[in-house]
Amino acid sequence: MKIASWNVNSVRARLGRVLAWLSEERPEVLCIQETKVVDDAFPAEPFEEAGYVPLFFGQKTYNGVAILSRTTPLEVSRGFGDGEDDLGARFLVAEVGPLWVASVYVPNGREVGSAHFAQKLAWLGRLRAFLERNTSPDQEVLLCGDWNVAPEDRDVWDPEALQGQLHCHPDERAALQHLCGWGLVDTFRLHHEDAGLYSWWDYRRLGFPRNRGMRLDMILASASLARRCVAAEICREARKGKGASDHTVITATFR
DNA sequence: ATGGTTGCTTAGCAA
């Protein structure tokens with residue numbers, strides 16, 4: 001069973017690429033971030049024709065998340081429902097058979113020390129609170145998304161230059177670690193130890209050709225799933241060429 | 001300190 005996650009930077013601009021990748025790889029589930037489209041305009045039909053049932057939670061211009069599943073997903077939640085500002089359409093949860101799957105788009109934070117940065121840290125805390133209220137680490141939980149945090153120095157192209165910068169700040173890493181402390185494992189690191197493996201490369205300054213990137217996208221799994229995780233990959237091919245998202249698609253495969 | 005690129009929307013914002 002293959003699960004995938006992809007920040008597509010506009011689902012309409014990337015539709016052809018996403019459909020081509022789906023037909024090639026046929027994952028059970030694809031979680032999408034940055035759909036950048038209101039629900040009325042989400043391109044549901046092409047995904048249905050490709051054999052997927054889409055759930056989507058979007059807004060105008062920014063953010064937006066979706067879950068595509070080969071079996072009909074049951075929508076569990078849009079946003080945290082905790083009475084606070086969700087900072088846009090960033091969180092969608094569905095049950096897919098026994099799986100409890102979330103598509104997650106963590107706020108960027110914009111600038112270390114800014115109000116947006118504080119909201120990013122708080123958002124990660126609210127996500128943990130949501131898990132505590134709505135599920136259990138004993139369940140089969142998958143959080144798939146763009147975390148906007150590079151968890152360790154080996155996840156960034158120049159850790160010295162980027163030390164303390166956005167995506168690498170100790171407070172962001174601590175917030176992500178606290179979330180994982182609920183009972184989640186970074187599936188990629190179960191299978192790969194090397195530095196220099198990234199999921200995002202800046203469009204500017206030839207980031208991808210120079211492999212100047214960061215690993216910001218992750219599939220986090222609860223213990224019962226982590227035990228059954230037999231592979232995890234970053235699909236660099238999908239970042240190549242004109243018309244690619246600045247993020248590439250990642251996968252985790254479970255026995 | 002700033003720039004570089006992309007997408008949405010149409011000049012400027014967000015990433």
Side-chain angles (χ1 to χ4, degrees), chain A residues 5-21 31-44 46-47 56-66 79 85-92 103-124 127 144-151 155-158 160-169 171-173 175-176 198-218 234 236-250:
Chain A
S5 185
W6 200 350
N7 178 326
V8 298
N9 185 21
S10 168
V11 71
R12 289 178 292 181
R14 226 62 65 201
L15 186 59
R17 277 182 172 260
V18 175
L19 288 169
W21 187 84
C31 292
I32 300 177
Q33 301 85 38
E34 281 208 88
T35 57
K36 294 189 171 182
V37 65
V38 294
D39 291 347
D40 284 347
F42 187 93
F47 291 121
F56 35 91
F57 173 36
Q59 65 178 90
K60 188 179 155 89
T61 312
Y62 303 119
N63 310 314
V65 284
D85 183 355
D86 275 349
L87 310 176
R90 299 178 174 277
F91 185 66
L92 177 64
S103 186
V104 181
Y105 180 44
V106 175
N108 170 283
R110 300 193 194 177
E111 192 177 343
V112 173
S114 67
H116 291 281
F117 186 77
Q119 287 177 318
K120 174 184 193 174
L121 302 180
W123 198 95
L124 284 163
L127 173 49
C144 309
D146 174 2
W147 297 89
N148 265 315
V149 180
D155 298 311
V156 304
W157 65 275
D158 188 345
E160 287 181 22
L162 296 167
Q163 184 174 29
Q165 302 292 113
L166 192 68
H167 309 298
C168 308
H169 193 278
D171 292 353
E172 293 169 89
R173 290 175 170 175
L176 182 62
Y198 311 130
S199 66
W200 169 86
W201 300 261
D202 202 313
Y203 280 131
R204 299 166 289 190
R205 296 191 293 185
L206 301 173
F208 185 67
R210 293 172 167 171
N211 198 31
R212 295 179 173 183
M214 298 189 192
R215 195 172 68 91
L216 304 179
D217 302 270
M218 280 167 271
I234 294 172
R236 290 185 92 259
E237 283 294 314
R239 181 60 175 79
K240 293 181 180 174
K242 195 171 162 58
S245 169
D246 48 352
H247 295 250
T248 199
V249 57
I250 63 169

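Reminder, nothing fancy here: chain letters follow the sequence lines and each chain counts from 1. Values in this document were obtained by computation on a predicted structure and should not be read as measured data.
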**Student:** Which part of the nucleic acid, if any, lies within reach of A/Phe208 when heavy atoms closer than 4.0 Å are counted: base, sugar-phosphate only, or nothing?
**Tutor:** nothing
**Student:** Closest to the A/Asn108 side chain: B/dT6, B/dA15, B/dT9?
**Tutor:** B/dA15
**Student:** Please round to the nearest 0.5 Å and tell me the distance separating atom NE2 of A/His247 and atom CG of A/Asp217.
**Tutor:** 5.5 Å
**Student:** Output the single nucleotide from B/dG7, B/dT9, B/dA15 whose closest atom is nearest the side chain of A/Arg110.
**Tutor:** B/dA15
**Student:** Sticking with atom C1', work out how far B/dA11 lies from B/dG7, rounded to a whole angstrom.
**Tutor:** 14 Å
**Student:** Over all strands shown, is A/Arg90 touching base, sugar-phosphate only, or nothing at heavy-atom distances under 4.0 angstrom?
**Tutor:** sugar-phosphate
**Student:** Is it the case that A/Arg90 places NZ or CZ above or below the six-membered ring of A/Tyr105, under 6.0 angstrom from the centre and within 45 degrees of the axis?
**Tutor:** yes
**Student:** If the C1' atom of B/dA15 is compared with that of B/dT9, how far apart are they to the nearest Å?
**Tutor:** 16 Å
**Student:** Tell me: OH of A/Tyr62 to C1' of B/dT6, nearest whole Å?
**Tutor:** 13 Å
**Student:** In whole Å, what separates the P atom of B/dT2 from that of B/dC13?
**Tutor:** 15 Å
**Student:** Under 4.0 Å between any heavy atoms, over every strand shown, what does A/Arg212 touch: base, sugar-phosphate, or nothing? Just pick one.
**Tutor:** nothing
**Student:** Between B/dG7 atom C1' and A/Tyr105 atom OH, what is the distance in whole Å?
**Tutor:** 12 Å
**Student:** Taking the side chain as every heavy atom from C-beta outward, state whether A/Val149 and A/Glu172 have any atom pair closer than 4.5 Å.
**Tutor:** yes
**Student:** With a 4.0 Å limit, can you tell me whether A/Arg12 has a side-chain N or O closer than that to the phosphate oxygens OP1/OP2 of B/dG7?
**Tutor:** no
**Student:** Measure from the side-chain heavy atoms of A/Lys60 and tell me the nearest of B/dG7, B/dT9, B/dA15.
**Tutor:** B/dT9
**Student:** For A/Gln119 and B/dA14, give me the distance from atom CD to atom P, rounded to whole Å.
**Tutor:** 12 Å
**Student:** Consider the side chain of A/Glu34, meaning its heavy atoms from C-beta on, and name the nucleotide among B/dT9, B/dA15, B/dT5 that approaches it most closely.
**Tutor:** B/dA15
**Student:** Starting at atom NZ of A/Lys120, determine the distance to atom P of B/dA14, rounded to an integer number of angstrom.
**Tutor:** 15 Å
**Student:** Distance check, C1' atoms only: B/dA14 and B/dT10, in whole angstrom units.
**Tutor:** 15 Å
**Student:** Let me know the distance between CG of A/Asn63 and C1' of B/dG7, rounded to the nearest Å.
**Tutor:** 13 Å
**Student:** Verify the distance criterion only: is there a donor paired with an acceptor across the side chains of A/Gln33 and A/Asp146 at less than 3.5 Å?
**Tutor:** no
**Student:** Expressed as a whole number of angstroms, how long is the span from A/Lys36:NZ to B/dA14:P?
**Tutor:** 12 Å
**Student:** Given atom CZ of A/Arg14 and atom C1' of B/dT6, what is their separation to the nearest angstrom?
**Tutor:** 8 Å
**Student:** Answer yes or no: does a side-chain N or O of A/Arg204 lie under 4.0 Å from OP1 or OP2 of B/dT6?
**Tutor:** no
**Student:** Would A/Asn9 and A/Lys36 count as having a side-chain donor-acceptor pair, cut-off 3.5 Å?
**Tutor:** yes
**Student:** Between A/Ala244 and A/Pro107, just flag the one whose closest nucleotide in DNA chain B comes earlier from the 5' side.
**Tutor:** A/Ala244
**Student:** B/dA14 P sits how many Å from A/Asp202 CG, rounded?
**Tutor:** 17 Å
